[in-house]
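Numbers for residues simply follow the sequence, beginning at 1.
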Amino acid sequence: MATIRLDIVSPDKGEIFSKDINMLIVRSTAGELGILPRHANLLTELLPHAMKIKMDGGENLVALGGGFMEVTPEKITVLADSAELPEDIDVERAQRAKQRAEERIAQYKQTTKETLIDIDRANRALARAKARLLVKNALMN
């Protein structure tokens, strides 16, 4: 089966993943995308989610905190705001982040427009925490 190179890098960890894969499934601002070898050129913003990497007959997940993706027919480059492999995820930390984000969102819903809570930031934090927990839970199953 044909493959395409996937490189995932982040500012804090540098190179996180670099392998030939069969398919990448991501959530972008344009919706969910499936990237196969020889895909057309593409540049898109990525949302926080659990990115699916299909290779060697299996599926791996990476918790992505958002970022950008560039695709050429031979290579996919993900410039991640943050990215974590399952073995690097601290479940307790992710659960605390999820709880904080949910509390901020609940506070926002109960306040007036003059609130100091940044709802977009809280929603992104919640999405990041959920992605991390989903990735870690998939490793344990």
Atom [atom1] of [X]: over 12 foreign heavy atoms under 6.0 Å:
{"X": "Glu59", "atom1": "CD", "answer": "yes"}
{"X": "Arg121", "atom1": "CZ", "answer": "no"}
{"X": "Lys13", "atom1": "NZ", "answer": "yes"}

Got a second to check how far [X]'s [atom1] is from [Y]'s [atom2], nearest 0.5 Å?
{"X": "Asn60", "Y": "Lys19", "atom1": "CG", "atom2": "NZ", "value": "7.0 Å"}
{"X": "Leu24", "Y": "Ile53", "atom1": "CG", "atom2": "CD1", "value": "6.0 Å"}
{"X": "Gln95", "Y": "Arg132", "atom1": "CD", "atom2": "CZ", "value": "10.0 Å"}
{"X": "Lys98", "Y": "Leu133", "atom1": "NZ", "atom2": "CG", "value": "7.0 Å"}

Expected output: side-chain [X] to main-chain [Y] donor-acceptor under 3.5 Å:
{"X": "Asp20", "Y": "Leu6", "answer": "no"}
{"X": "Asp90", "Y": "Glu92", "answer": "yes"}
{"X": "Lys136", "Y": "Pro86", "answer": "yes"}

Side-chain heavy atoms nearer than 4.5 Å, only ILVMFWY residues, links allowed to pass through others: does that put [X] and [Y] together?
{"X": "Val78", "Y": "Leu85", "result": "yes"}
{"X": "Leu46", "Y": "Val62", "result": "yes"}
{"X": "Met69", "Y": "Met23", "result": "no"}

With the side chain counted from C-beta on, respond yes when [X] and [Y] share a heavy-atom pair under 4.5 Å apart, and no when they do not.
{"X": "Ile4", "Y": "Glu74", "result": "no"}
{"X": "Arg128", "Y": "Asp81", "result": "no"}
{"X": "Leu79", "Y": "Val9", "result": "yes"}
{"X": "Glu70", "Y": "Phe68", "result": "no"}

- prompt: With a 3.5 Å cut-off and no angle check, do the side chains of Glu103 and Gln107 form a donor-acceptor pair?
  reply: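 Their side chains do not contain a donor-acceptor pair, so the 3.5 Å distance test is not met.
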- request: Assess the side chains of Asp7 and Ser18: does a donor N or O sit below 3.5 Å from an acceptor N or O?
  value: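 Yes, Ser18 and Asp7 have a side-chain donor paired with an acceptor closer than 3.5 Å.
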Report, one line per pair, each donor and acceptor closer than 3.5 Å where one atom sits in a side chain of residues 25-43; sequence neighbours left out.
unit_1	atom_1	unit_2	atom_2	d
Ser28	OG	Ala30	N	3.0
Ser28	OG	Gly31	N	3.4
Ser28	OG	Gly31	O	3.0

Distance-minimising heavy-atom pair for [X] and [Y]:
{"X": "Ala50", "Y": "Ala131", "answer": "N-CB, 3.7 Å"}
{"X": "Ala129", "Y": "Ala94", "answer": "CB-O, 3.6 Å"}
{"X": "Pro11", "Y": "Ala80", "answer": "CD-O, 3.1 Å"}
{"X": "Glu84", "Y": "Val135", "answer": "O-CG1, 4.5 Å"}
{"X": "Ala101", "Y": "Ala122", "answer": "CB-O, 3.6 Å"}
{"X": "Ser10", "Y": "Ser82", "answer": "CB-CA, 4.4 Å"}

message: Between Ile21 and Thr3, does the side chain to side chain contact (heavy atoms under 4.5 Å, CB included) criterion hold? Intermediate values first, please.
response: CA-CA 5 Å; Ile21 66 166; Thr3 61; over 6 Å; no
message: Determine whether Leu134 and His49 satisfy the following criterion, side chain to side chain contact (heavy atoms under 4.5 Å, CB included), listing intermediate values before the conclusion.
response: CA-CA 9 Å; Leu134 188 142; His49 70 288; over 6 Å; no
